Amino acid sequence: MSDILDQILAVKREEVAAARRAEPLEAMREAAELAPPPRDFVGAIRAKLAAGQPAVIAEIKKASPSKGVIRPDFKPAEIAQSYEQGGAACLSVLTDRQFFQGAPDYLREARDACTLPVLRKDFIIDPYQVYEARAMGADCILLIVAALSLPQMQELEDLAMQLGMAVLVESHDAAELEQALQLQTPLIGINNRNLRSFEVSLKTTLDLLPRIHTSPPPSLPHPVGEGPDALPASGEGWGGERIVITESGILAPTDVALMRQNGVNSFLVGEAFMRAAEPGEALARLFAG
Ligand SMILES: O=C(O)c1ccccc1NCC(=O)[C@H](O)[C@H](O)COP(=O)(O)O
């Protein structure tokens, strides 16, 4: 039997085909051109890091395949405002309907309610979805290495960048990370969750970190030294270009401390905030240390 990621990708292929029939590519391209200008996603993360603060991408998600419904009382605009007050650098909004009970309207509502840049958190497999992301107001897209070939990722990244959006590329093991590092984007996500088995281990980030020091993409200059002498992974790799973002399973201040002790200062967090009455207050508490 196929695993959950394969099932999601099969549904995505059907969804994209149906969306294209309902609204052809040319119309979606025009809608993307008419969208409000992109906000600077990478800049918002860099600003937090430059100030010596953790950069938190705060996630807005109602449900997930591994956890079921996480937040029954789900008001994206209120959550976005709460996150902004709590010190988030950026938002991540689930737009997948079938598996996460998300929606494009949730992204629009969240973005309209605050000044933060927003990641469209979905399973992007086709250029059509990149135009769609910009049309709904997204400032960044997610590319999951486990779902795409390198040429596909390069095509999708090029298009996102042409449209003024940032790209967060997500990997979970060494082979995927090698692929991720072939892209131009500075945003290197390491997902602590195995998307096929749901197993979560923060060790995933810690184990992959050294590889980021020693694997510059061909188009970027080599780091100053390698191994222990390489530039720090958390923010200032290759002329300040690479930023490691640890994703999933960050639940307690001890998790945050573990990452920060290892030079990881950028985080993507969902569940820990979505279960709190005031998500922004939960963010401020989790990152108070
Ligand atoms: O979370 C799932 O069940 C899941 C299943 C299949 C594909 C992706 C999935 N989650 C996406 C994410 O990785 C998280 O939404 C994100 O990293 C935040 O994680 P958390 O802080 O643990 O909510």
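Start at 1 and go down the list; that is how both ligands and their atoms are numbered. Only a predicted model underlies this, so the values are computations on that prediction, with no experimental measurement involved.
Among protein heavy atoms, the minimum distance from atom 5 (C) of ligand 1 is reached at Phe198 CE2, 3.6 Å. Nearest protein heavy-atom contact of atom 17 (O) of ligand 1 is Ser248 OG, 2.6 Å. Scanning the protein for heavy atoms near atom 15 (O) of ligand 1, the closest one is Glu59 OE2, 2.5 Å. The protein heavy atom nearest to atom 13 (O) of ligand 1 is Asn191 ND2, 2.9 Å. Ranking protein heavy atoms by distance to atom 2 (C) of ligand 1, first place goes to Ser66 OG, 3.4 Å. In this structure, atom 9 (C) of ligand 1 lies nearest to the protein heavy atom Phe100 CZ, 3.5 Å. For atom 8 (C) of ligand 1, the closest non-hydrogen atom on the protein side is Leu195 CD2, 3.3 Å. Atom 1 (O) of ligand 1 has its closest protein heavy atom at Arg193 NH1, 3.2 Å.
Residue Val269 has at least one heavy-atom neighbour below 4.0 Å for each of these atoms of ligand 1: 21 (O). Of all the atoms in ligand 1, the ones that sit under 4.0 Å from a non-hydrogen atom of Glu271 are 20 (P), 21 (O), 23 (O). Ligand 1 places these atoms under 4.0 Å from at least one heavy atom of Leu268: 16 (C), 17 (O), 18 (C). Every atom of ligand 1 is numbered from 1 in the order shown, and the set under 4.0 Å from a heavy atom of Lys61 is 14 (C), 15 (O), 18 (C), 19 (O), 20 (P), 23 (O).
The shortest separation from a heavy atom of Phe273 to ligand 1 is not under 4.0 Å, leaving the residue out of contact. Residue contacts with ligand 1: Ile250 is excluded, as none of its non-hydrogen atoms falls under 4.0 Å. Taking 4.0 Å as the cut-off, Lys121 counts as a neighbour of ligand 1 on heavy-atom distance. Residue Pro65 places a heavy atom under 4.0 Å from ligand 1.
Residues Glu278 and Phe273 are not in side-chain contact: their nearest non-hydrogen atoms beyond the backbone lie 4.5 Å or more apart. Between Ile60 and Arg71 the shortest side-chain heavy-atom distance does not fall below 4.5 Å. With contacts defined as side-chain heavy-atom distances shorter than 4.5 Å, the pair Ser266/Ile243 qualifies. Under the 4.5 Å side-chain criterion, counting only non-hydrogen atoms from C-beta, Ile125 is not in contact with Gln152.
With hydrogens and angles disregarded, no donor-acceptor distance shorter than 3.5 Å links the side chain of Asn194 to the backbone of Phe198.
Under a hydrophobic clustering in which Ile, Leu, Val, Met, Phe, Trp and Tyr are joined whenever their side-chain heavy atoms come within less than 4.5 Å, directly or via other members, Phe99 and Val93 fall into the same cluster.
Salt-bridge check for Glu33 with Arg29: failed, with every basic side-chain N at 4.0 Å or more from each acidic carboxylate O. Salt bridge annotation for Arg193-Glu247: absent, with no cationic side-chain nitrogen under 4.0 angstrom from a carboxylate oxygen.
Checking only distances, Ala272 never comes within under 3.5 Å of ligand 1, N or O to N or O.
Of the listed residues (Thr246, Ile245, Ile212, Val264), just one forms a side-chain contact (heavy atoms from CB on, under 4.5 Å) with Ile190, and that residue is Ile212.
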Exercise for review: Could you walk me through whether Arg111 and Asp139 pass the salt bridge (Lys or Arg N to Asp or Glu O under 4.0 Å) test, one step at a time?
Suggested key: CA-CA 10 Å; Arg111 193 176 188 275; Asp139 308 292; 2.8 Å; yes

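Thr185 OG1 to Leu143 CG: the interatomic distance, rounded to the nearest 0.5 Å, is 8.5 Å.
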